[in-house]
Structure formats: C-alpha cells, structure tokens
Amino acid sequence: MPDLVIRGATVIDGTGAPGRVADVAVTGGRIEAIEAIGTSPTGRRVIDATGLALAPGFIDMHAHSDLRLLVEPDHLAKVGQGVTCEVLGQDGLSYAPVDDTTLGQIRQVIAGWNGDPTGFDWNWRSVGEYLDRLDQGIAVNACYLVPHGSVRMLAVGWEARPSTDAELARQRELVATGMREGAVGMSSGLTYVPGMYADDAELVELCRVVASLGGFHAPHHRSYGAGALEAYGEMVEVSRRSGCPLHLAHATMNFGVNAGRAPELLELLDAAIADGCDITLDTYPYLPGSTTLAALLPSWAAEGGPAATLARLRDPGVYQRIRHAMEVEGSDGCHGVPVEWETIQISGTRDPGLGVIVGKSMARLAAEAGREPFELYREQLLADDLGTTILQHVGHEDSVQAIMRHPAHTGGSDGLLAAAKPHPRAWGTFPRYLSRYVRELGVLTLEECVAHLTSRPARRLKLDGRGLVRPGYHADLVLFDPVTVRDTATFDEPRQQPEGIPYVFVGGVAVIADGHHTGALPGRSLRRTPEGTTR
C-alpha cells in the first residue's frame with residue numbers, strides 16, 4: 001500500500017507538456033506511480049486534490065539562506081512558497097571554507113544579508129563540515145556553491161591586486177576541495193570585495209577546476225548598470241576560455257542607462273549559446289534589487305577588510321574622495337552609476353536600536369534632517385558597523401518580462417531574510433511567478449513557468465531523480481491552486497506566507513499541510529558525487 005495517494009490533481013510534470021488529471025502514489029519518499037484518475041490503490045494517507053495542480057517542488061537557484069536555514073530550520077519563508085531545494089553560497093561570499101580569522105570577517109561583511117546571532121555555534125570550517133551541519137535537520141534540500149570571495153580571503157586576503165602563482169595554486173586547491181566535498185560549482189561576487197579584485201585570468205583558472213569536477217560558475221558579474229553588457233560579455237568569455245558552464249546570477253538590465261536594453265543582452269546570450277556555450281540564468285519577478293549599504297562603496301575604499309573600511313570612513317580627507325567617487329564618478333560598487341539617493345531605501349539594520357530609519361530612502365532621511373545624504377550614509381555605516389541593508393529601486397518591467405521568457409531562464413529569489421523589512425522576494429518570488437506572470441499577464445503559460453522553476457534548474461544542478469513528476473523520482477512536490485495562488489508579501493509587510501499553496505512535500509514528507517507548517521525537517525544537503533550527479 002502506498003504511503004500517500006494524491007487523487008485527482010492536474011499533474012504539471014515539469015517538462016512543459018500540458019497538464020493531465022491523474023492520481024499520484026508515493027512510497028518510501030519516491031513517486032511510485034502516476035495512474036489514470038480513480039484507478040490508483042488506496043494509500044495510508046489520501047489527499048483529495050481536485051482542482052489543484054501538482055508540480056515538482058520549486059528550486060530556488062539563488063538563495064541567501066546559508067545561515068537562516070540553521071537559525072530557523074523550519075524555513076517557512078521558502079517552503080511556504082513551494083520551494084523544496086535552494087542553492088546557497090551565492091555572490092562569492094559565504095561561511096565555508098573559512099578559518100577563524102576569515103569567519104569573523106565574513107560574519108561582519110554579510111551580517112546584513114544573514115544576521116549574526118548571539119551565541120550561535122559556528123562549529124564548521126570546511127564545505128563538507130557546513131553541509132554536515134545542514135544535514136542535522138532543515139525543512140528543504142540545499143545545494144552549495146564554493147564562494148570565490150571567501151576562498152580569496154583565505155589565499156590572498158583583502159588586497160586589491162592579482163594573485164601570485166602560489167596564491168592562485170592555493171585557491172585552486174580550496175575550490176577543488178570544496179567541490180570534492182559536495183559543492184555543485186563556484187560563485188563569484190565581482191562587485192563585492194574581495195572578489196572584485198580578481199582579474200579574468202584568476203577566474204579562468206578557477207573555473208577550469210570547477211569544470212573538471214563537473215560544476216558550473218555562477219557569477220554576480222562586474223556591473224549591472226553602466227557597462228552591464230560588457231560585464232555579461234566578460235563572463236561569457238571566461239566560460240569560453242575555461243570550458244566551464246555559466247549560470248548568470250539575478251540576470252537583469254538595471255538602472256536608467258539600461259532601460260529598454262534587455263533584447264541586447266538576450267542577443268548576446270543567444271549568439272554565445274549558438275556557438276556552443278552552456279549558459280543558464282536566473283531572475284526574480286520584481287523591479288527593486290537588494291544588497292548592503294556598504295556595497296555601494298568604491299572597491300578601493302574597502303581594500304584591507306572591514307576595519308580598514310571603517311577607518312577610511314572616519315578620515316575626513318578620505319571620505320570626501322569616497323563621496324566624489326559615489327556621487328560624481330559612479331563607483332564600481334554602485335555599478336558605475338552615480339548614486340541616486342532617492343532609489344536607496346533602508347530595509348534593515350544590524351543594530352535594532354537604529355531601526356527607526358527602516359523603510360525610508362536616503363533622500364527622505366536627508367530631507368527630514370536638513371542634511372546631505374552622503375553624510376547620513378557615512379554615519380549610518382559607522383554606527384551600524386557596516387551591517388545595514390537596502391532596497392535599490394532601479395529595475396524595469398519590460399526587462400523583467402523579456403528575460404523570464406528566455407529558454408535558459410530559471411527562478412531565483414535572491415532573498416535576504418534577516419532584515420527588519422526584507423525584500424518581499426524572500427517570501428513571494430515563486431507564487432508571484434504563478435499569479436502575476438502566468439495568470440494575470442500571460443507572460444508564460446502555467447506549464448512553461450513550472451518548467452522554468454523545476455526541471456531546468458534541476459538539469460543545471462545535475463540533480464539525480466528530482467525536478468519532474470515521474471515514477472522513481474523523489475517526491476519533492478507542491479500542490480497549489482492555479483486560480484488562487486498568489487504572493488501576499490509586500491514592501492511594507494514582507495513576511496507574509498503566500499495563499500493557494502496547501503501542501504508541500506520534501507522526500508514524501510509533508511512540510512506544509514492544509515497551509516500550515518507541520519514542523520517536519522526532512523531536508524538535507526544535496527552533494528555533487530564523483531560520478532557527476534547531485535544526490
């Protein structure tokens with residue numbers, strides 16, 4: 001007798017094929033059979049899914065849950081959306097591999113992304129040890145990318161220069177070790193320090209290691225503003241030279257300089273794919289971006305690490321240079337675009353005592369105080385120890401829609417979960433695809449959209465037996481109502497569970513049942529194997 005029978009659902013299997021009404025039987029955490037409606041045997045548990053769609057669990061190709069998954073393993077923000085697998089270690093900055101020194105630095109630098117909880121047990125240093133920690137109990141499955149910036153901290157430090165031969169050899173060793181311990185690829189953060197100090201030759205060498213071990217490169221490239229197309233082209237060239245598959249993180253064309261230019265990006269990618277390059281990308285279905293307030297600084301101002309950055313911000317002669325770089329030249333940290341303070345909205349602070357400014361733009365804060373925005377910016381970084389997070393209102397709807405139609409597209413939330421008012425994409429990305437862009441706007445059909453969010457990312461990750469509703473596959477499944485599913489997270493109230501997703505299963509275990517979290521934690525790390533698959 002099956003453990004579970006889901007009766008009468010419209011099965012959207014992830015291939016893009018039209019949905020069909022069927023019964024689905026699950027035994028031992030895997031899909032046992034997909035039968036014509038009414039012909040499947042009874043099960044130990046039966047769910048009447050009439051009127052609901054059954055799809056593979058959604059795969060978040062760009063997640064920043066590296067720490068929150070451990071602090072809050074129930075992970076309602078993601079599993080409530082139907083997400084059953086996330087890809088961590090993004091943008092070149094995460095918590096493994098590290099040593100005692102770099103762990104402290106990374107905790108400070110990305111506290112705005114993930115928080116830095118008091119009393120937390122940081123009982124790992126290697127990639128494998130971090131994955132072992134995930135295996136102690138989480139709500140969803142997780143894959144990991146070796147973060148290039150963290151690797152560079154260990155091998156080079158925070159200096160703005162090319163690696164020496166010995167340092168590059170050390171980085172190759174660290175990346176290879178992380179891959180052998182189960183990582184699925186390497187990420188890089190080329191507008192974040194210290195990753196932005198790497199030249200293309202360094203990236204090519206490391207990508208060759210990744211390619212030799214069956215992984216892919218997921219760069220946050222050097223510019224999403226001025227020079228965006230050139231930055232995309234640079235990553236394509238790194239892929240060509242290294243032979244490493246390329247996955248473009250949160251691919252978009254932002255800022256006023258790129259309005260209407262998404263077709264140029266897609267033409268560049270289509271030409272490269274036609275020439276044999278293996279390229280995929282992910283996007284989130286919103287216009288604003290989100291990052292740390294400190295990320296806007298020019299790269300030279302962050303050389304040497306967090307302590308050196310704070311010292312420069314205290315030095316009147318230096319901080320005036322920083323201001324000129326940001327407001328006149330357009331710093332590389334702000335993608336080469338002179339900062340527009342009205343687009344910078346505070347979303348969270350490391351110090352709760354500074355939270356009164358959350359929800360306000362830097363321009364508004366300056367107007368209320370009768371002061372210059374840069375002065376408030378500098379004071380906030382100093383007061384909050386670089387831990388402030390922001391929303392950056394720089395996107396274009398036509399670009400979002402054009403890019404999500406591309407056949408290489410997958411979904412990624414880029415969700416930061418720790419802020420007082422995080423970007424709503426952390427709680428709403430996947431139902432927003434299904435409601436706004438399928439049901440309301442018709443940008444994608446339901447079947448196309450599910451394929452974008454399931455089988456396509458599963459192929460990129462080389463997941464073994466996941467990403468489709470198919471006999472023998474793992475029962476990572478989501479049941480949703482295609483008529484009522486919608487995101488409810490807003491910029492004012494971002495921590496809101498979506499509607500219309502009554503059931504989510506991870507390995508056949510119900511983590512969401514009747515719309516409520518069951519407390520189950522069946523997720524684990526999914527690791528790249530020597531055979532080249534991810535299990």
Side-chain angles (χ1 to χ4, degrees), residues 64-72 76-77 93 95 103-122 192-193 288-297 301-302 305-316 318-319 322-323 326 333 339 341-393 415-427 489-496:
H64 287 283
S65 308
D66 310 48
L67 184 56
R68 305 318 297 176
L69 256 179
L70 299 176
V71 175
E72 300 167 347
L76 180 61
L93 291 168
Y95 305 102
L103 175 60
Q105 294 169 334
I106 291 168
R107 285 172 59 183
Q108 183 175 6
V109 168
I110 59 174
W113 290 1
N114 295 317
D116 190 18
T118 303
F120 183 77
D121 184 9
W122 300 88
Y192 297 122
V193 291
S290 181
T291 188
T292 62
L293 193 63
L296 307 181
L297 291 166
T309 302
L310 291 167
R312 292 186 182 98
L313 289 167
R314 294 186 183 99
D315 185 323
V318 178
Y319 74 64
I322 294 172
R323 178 175 185 171
M326 293 179 63
V339 64
W341 295 114
E342 66 275 11
T343 70
I344 308 301
Q345 180 183 0
I346 305 298
S347 61
T349 59
R350 183 176 190 171
D351 180 354
L354 301 172
V356 67
I357 67 174
V358 169
K360 296 182 179 181
S361 71
M362 292 301 303
R364 178 180 171 185
L365 289 168
E368 290 176 351
R371 301 182 60 198
E372 293 294 322
F374 179 81
E375 289 301 321
L376 294 183
Y377 170 84
R378 183 180 75 90
E379 291 173 7
Q380 180 63 26
L381 290 179
L382 290 170
D384 204 25
D385 201 27
L386 307 179
T388 304
T389 51
I390 60 171
L391 303 180
Q392 202 165 6
H393 295 268
L416 305 179
L417 296 166
K421 284 192 174 182
H423 195 304
R425 66 194 184 190
W427 287 74
T490 66
F491 288 99
D492 288 332
E493 298 291 339
R495 288 188 172 88
Q496 303 294 318

Side chains of Ser347 and Thr389 only: does a donor on one sit below 3.5 Å from an acceptor on the other? yes

Under a 4.5 Å cut-off applied to non-hydrogen side-chain atoms, are Leu313 and Ile322 in contact? yes

Taking the six-membered ring for Trp, are the ring centroids of Tyr95 and Trp113 within less than 6.0 Å of each other? no

Please test Asp116 against Arg107 for salt bridge (Lys or Arg N to Asp or Glu O under 4.0 Å), starting from the C-alpha separation and ending with a verdict. CA-CA 6 Å; Asp116 190 18; Arg107 285 172 59 183; 2.9 Å; yes

How close do Pro306 and Gln105 get, heavy atom to heavy atom, and via which atoms? CG-O, 4.3 Å

Parallel, tilted or perpendicular, judged at 30° and 60°: which one describes the rings of Phe120 and Trp122? perpendicular

Residues Gln345, His393; criterion side-chain contact (heavy atoms from CB on, under 4.5 Å); working and verdict: CA-CA 8 Å; Gln345 180 183 0; His393 295 268; 2.7 Å; yes

I want to check something: taking the side chain as every heavy atom from C-beta on, are Leu376 and Trp341 in contact at a cut-off of under 4.5 Å? no

Which heavy-atom pair separates Ala489 from Trp427 by the least distance, and what is that distance? CB-CB, 3.9 Å

Trace of the side-chain contact (heavy atoms from CB on, under 4.5 Å) decision for Leu67 with Ile110: CA-CA 10 Å; Leu67 184 56; Ile110 59 174; over 6 Å; no

Looking only at atom types and distance, does a side-chain atom of Ser290 sit under 3.5 Å from a main-chain N or O of His423, one as donor and one as acceptor? no

Is any side-chain heavy atom of Gln496 less than 4.5 Å from a side-chain heavy atom of Thr490? no

